[in-house]
**Student:** 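Have a look at the structure that comes next, please.
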Amino acid sequence: METLFIGKNLLFLTEVESTNTYAMDMLRNVNAIEGTVVYTNNQTKGRGQRGALWSSENASNITASVVLKPQFLSIEKSFYLSKISALALYDVLAEILPGSQYDIKIKWPNDILVNKRKISGVLIENIFQQHNIQYSVIGIGFNVNQTEFGELKNVATSFKRITTKEINRQLVLEKLCMYLEKWYLILKANRFEEINNCYQQHLFGFNEMILFKKPDNSILKGVVLGVAESGKLRVYDALSEKEVQFDLKEVGFILEDQA
Ligand code: BTN
């Protein structure tokens with residue numbers, strides 16, 4: 001691994017409930033050095049955002065959790081961990097999927113879409129200490145060689161589904177560690193503007209009229225303006241002609257091409 005610390009301590013488990021749960025337990029009970037990566041071939045209780053399950057075909061994808069100790073980061077700035085995780089995944093994809101036929105976007109907060117289908121998701125869990133973050137576990141699910149998605153076939157994709165080629169998962173994991181370390185060091189150096197600019201530049205719906213779905217199933221037409229420091233999504237609502245902000249559970253995206 002050609003990194004300074006992320007992935008230097010690599011822990012492979014044939015099967016585990018969830019690499020995030022495992023990494024969080026390690027931090028609570030025995031500790032783990034910063035940059036430790038726990039990864040597995042099979043999660044029996046993989047967790048997604050908002051209490052959802054994350055299912056992933058055995059030995060086909062990346063299901064990994066990275067232990068970070070961003071004690072320099074205040075709680076108010078915790079969304080930067082979402083941003084840098086999405087940017088690292090974006091960079092990996094931009095490297096392994098070169099060419100203009102692939103439309104790679106970050107779907108707020110930190111999903112990656114390729115041609116409007118989800119290829120990866122991130123679940124971040126933090127342990128706080130007073131006003132700062134003590135430990136953070138960045139859980140990454142990245143669809144690599146899986147080609148069958150069952151009922152998710154219109155919304156999910158993978159590297160192999162897009163290119164018809166298999167790719168070595170270890171190689172993808174190495175690139176992921178490399179780019180995550182790159183962005184983490186940028187964050188540590190307080191280069192917030194650089195992070196914000198890159199994140200915004202790749203954000204799905206940025207400066208574009210798109211459709212959103214609200215929890216009551218009503219549709220909102222609007223333009224993504226960016227993300228507030230709090231992590232809320234800033235949207236220009238075309239109907240009220242005003243800016244509105246949404247929290248995670250308050251809005252979803254309608255990706256038209258997925259029917
Ligand atoms: C989402 O998009 O809902 C987030 C998915 C995160 C899945 C990864 S797989 C590795 C890690 N362990 C888990 O239980 N979840 C994350």
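Computed from a predicted structure; not experimentally measured.
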**Student:** Does any part of the side chain of I138, heavy atoms only, come nearer than 4.5 Å to the side chain of V122, both counted from C-beta?
**Tutor:**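 A side-chain contact under 4.5 Å exists here.
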
**Student:** Which atoms form the tightest heavy-atom contact between I6 and M1, and what is the distance?
**Tutor:**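 Looking at all heavy atoms of both residues, the shortest contact is O-CG, 3.9 Å.
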
**Student:** Membership question, hydrophobic clusters at under 4.5 Å side-chain separation (ILVMFWY): are I124 and L87 in the same one?
**Tutor:** yes

**Student:** Does E229 reach the main-chain N or O of E76 with its side chain, forming a donor-acceptor pair under 3.5 Å?
**Tutor:**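 The answer is no, because no donor-acceptor pair under 3.5 Å joins these two groups.
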
**Student:** Between M178 and L10, is there a shared hydrophobic cluster once you connect ILVMFWY residues whose side-chain heavy atoms come closer than 4.5 Å?
**Tutor:** yes

**Student:** Please report the interatomic distance CD1(I167) to NZ(K160), rounded to the nearest 0.5 Å.
**Tutor:** 12.0 Å

**Student:** Between L220 and L239, is there a side-chain heavy-atom distance shorter than 4.5 Å?
**Tutor:** no

**Student:** Counting only heavy atoms not in E193 (residues, nucleotides, ligands), do more than 12 fall under 6.0 Å from its CD?
**Tutor:** no

**Student:** Hey, is the main chain of N143 close enough, under 3.5 Å, to the side chain of Q146 for a donor-acceptor pair?
**Tutor:** no

**Student:** Evaluate the criterion ring pair (Phe, Tyr, Trp, His ring centres under 6.0 Å) for residue pair F142 and Y90; output intermediate values, then yes/no.
**Tutor:** CA-CA 11 Å; F142 188 161; Y90 181 94; over 10 Å; no

**Student:** Would you name the heavy atoms of L89 and S120 that are closest together and state the gap between them?
**Tutor:** CD1-OG, 3.7 Å

**Student:** Verify the distance criterion only: is there a donor paired with an acceptor across the side chains of E95 and Y179 at less than 3.5 Å?
**Tutor:**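 Their side chains do contain a donor-acceptor pair, which is all the 3.5 Å distance test asks for.
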
**Student:** Please report the closest heavy-atom contact between F204 and V224, naming both atoms and the distance.
**Tutor:**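 Minimum heavy-atom contact is O-CG2, 3.7 Å.
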
**Student:** Does any N or O in the side chain of Q71 come within less than 3.5 Å of the main-chain N or O of Q134, such that one atom is a donor and the other an acceptor?
**Tutor:** yes

**Student:** Could you pull out the closest heavy-atom pair between A64 and L173, with the gap in Å?
**Tutor:** CB-CD1, 4.1 Å

**Student:** Distance from L255 atom CG to K107 atom NZ, nearest 0.5 Å?
**Tutor:** 6.0 Å

**Student:** Centre of F206's six-membered ring, under 6.0 Å away, within 45 degrees of the axis: is that where NZ or CZ of K105 sits?
**Tutor:**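 No, K105 does not sit over the ring of F206.
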
**Student:** Should I195 and Y184 be regarded as members of a common hydrophobic cluster, given that ILVMFWY residues are connected when their side-chain heavy atoms come within less than 4.5 Å of each other, either directly or indirectly?
**Tutor:**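 In one cluster: yes.
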
**Student:** I want to check a possible cation-pi pair here: K83 against Y80, using under 6.0 Å from ring centre and within 45° of the ring axis as the test.
**Tutor:**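 Yes, K83 sits over the ring of Y80.
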
**Student:** In a check of side chain to side chain contact (heavy atoms under 4.5 Å, CB included) between Q43 and each of L53, N20, T19, N58, which one passes?
**Tutor:**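 Output: one option passes, namely T19.
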
**Student:** Going by heavy atoms in the side chains, are N9 and L11 under 4.5 Å from each other?
**Tutor:** no

**Student:** Flag the pair I84 / I186 as yes when at least one side-chain heavy-atom distance between them is below 4.5 Å, and no otherwise.
**Tutor:** no

**Student:** Would you call E34 and K8 a salt bridge, using N to O less than 4.0 angstrom?
**Tutor:** no

**Student:** Between the main-chain N or O of T40 and the side-chain N or O of T63, is there a donor-acceptor pair closer than 3.5 Å?
**Tutor:** yes

**Student:** I want to check something: taking the side chain as every heavy atom from C-beta on, are Y135 and V137 in contact at a cut-off of under 4.5 Å?
**Tutor:** no

**Student:** Show your reasoning for whether side-chain contact (heavy atoms from CB on, under 4.5 Å) applies to I104 and I112.
**Tutor:** CA-CA 7 Å; I104 311 170; I112 306 290; 3.8 Å; yes

**Student:** Tell me whether the count of non-hydrogen atoms from other residues, nucleotides or ligands lying under 6.0 Å of OH in Y22 goes above 12.
**Tutor:** no

**Student:** Say whether T14 and N41, considering side chains only, have a donor N or O and an acceptor N or O under 3.5 Å apart.
**Tutor:**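 No.
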
**Student:** Just checking, any donor-acceptor pair under 3.5 angstrom between side chains of S60 and N145?
**Tutor:** no

**Student:** Nearest 0.5 angstrom please: L13 CG to Y39 OH, how far?
**Tutor:**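 L13 atom CG to Y39 atom OH measures 9.5 Å (nearest 0.5 Å).
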
**Student:** Under a 4.5 Å cut-off applied to non-hydrogen side-chain atoms, are S18 and R47 in contact?
**Tutor:** yes

**Student:** Closer than 4.0 angstrom, basic N to acidic O: yes or no for K214 and E250?
**Tutor:** no

**Student:** Side chains of V92 and V172, heavy atoms from C-beta outward: is any pair under 4.5 Å?
**Tutor:** yes

**Student:** Please indicate whether Q101 has more than 12 foreign heavy atoms, meaning atoms of other residues, nucleotides or ligands, lying under 6.0 Å from its CD.
**Tutor:** yes

**Student:** If only atom types and distance count, is the side chain of W183 paired as donor or acceptor with the main-chain N or O of A86 below 3.5 Å?
**Tutor:**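 Side chain of W183 to backbone of A86: no pair is present.
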
**Student:** Is it true that the side chains of K69 and N31 contain a donor and an acceptor less than 3.5 Å apart?
**Tutor:**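 Checked: K69/N31 side chains pair up, N/O donor to acceptor below 3.5 Å.
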
**Student:** Quick one: do K182 and D91 make a salt bridge, cutoff under 4.0 Å?
**Tutor:** yes

**Student:** Answer yes or no: is there a donor N or O on one side and an acceptor on the other, between the side chain of R161 and the main chain of A156, under 3.5 Å?
**Tutor:** yes

**Student:** Check the hydrophobic clustering (I, L, V, M, F, W, Y; side-chain heavy atoms under 4.5 Å; chains of links allowed) and say if W54 and F149 are grouped together.
**Tutor:**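 No, W54 does not connect to F149 through the hydrophobic network.
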
**Student:** Does the side-chain hydrogen bond (donor to acceptor under 3.5 Å, both in side chains) test come out yes or no for S74 and N132, once each step is laid out?
**Tutor:** CA-CA 4 Å; S74 65; N132 282 30; 5.5 Å; no

**Student:** Taking all atoms of both residues into account, what is the closest heavy-atom pair of G121 and K118, and its distance?
**Tutor:**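 The answer is CA-CE, 4.0 Å.
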
**Student:** Heavy atoms, side chains only, cut-off 4.5 Å: are V114 and D103 in contact?
**Tutor:** no

**Student:** For K242, is there an ion pair with D237 - N to carboxylate O distance below 4.0 angstrom?
**Tutor:** no

**Student:** With no hydrogens and no angle check, is any side-chain donor or acceptor of S85 less than 3.5 Å from a backbone partner on L81?
**Tutor:** yes

**Student:** Is there a donor in the side chain of S136 and an acceptor in the side chain of N126, or the other way round, less than 3.5 Å apart?
**Tutor:** yes

**Student:** Would you give the length of the straight line joining atom NZ of K175 to atom CG of L93, rounded to the nearest 0.5 angstrom?
**Tutor:** 11.5 Å

**Student:** Between atom CZ of R117 and atom OG1 of T157, what is the distance when rounded to the nearest 0.5 Å?
**Tutor:** 6.5 Å

**Student:** Specify whether F212 and F253 have parallel, tilted or perpendicular ring planes, treating 30° as the upper limit for parallel and 60° as the lower limit for perpendicular.
**Tutor:**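 F212 and F253: tilted rings.
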
**Student:** Atom CD1 of residue position I33 - does it have more than 12 heavy atoms of other residues, nucleotides or ligands inside 6.0 Å?
**Tutor:**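 Above 12, so yes.
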
**Student:** Taking the inter-plane angle between the rings of Y199 and F79 on a 0 to 90° scale, is it parallel (under 30°), tilted (30 to 60°) or perpendicular (over 60°)?
**Tutor:**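 Judged by the thresholds at 30° and 60°, the geometry between Y199 and F79 is perpendicular.
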
**Student:** Main chain of S218, side chain of D216: is a donor-acceptor contact present, judged purely on distance under 3.5 Å?
**Tutor:** yes

**Student:** Give the minimum heavy-atom separation between L73 and S78, together with the two atoms involved.
**Tutor:** CD2-CA, 4.2 Å

**Student:** So how far is it from I140 CD1 to C177 SG, rounded to the nearest 0.5 Å?
**Tutor:** 8.0 Å

**Student:** Assigning hydrophobic clusters by single linkage (Ile, Leu, Val, Met, Phe, Trp, Tyr; side-chain heavy-atom cutoff under 4.5 Å), is L211 placed with V235?
**Tutor:** no

**Student:** Distance-only, no hydrogens or angles: does the R169 side chain make a donor-acceptor pair with backbone N or O of N61 under 3.5 Å?
**Tutor:** yes

**Student:** side-chain contact (heavy atoms from CB on, under 4.5 Å), that's the test. Do L248 and L233 meet it? Break it down for me.
**Tutor:** CA-CA 8 Å; L248 250 191; L233 186 71; over 6 Å; no

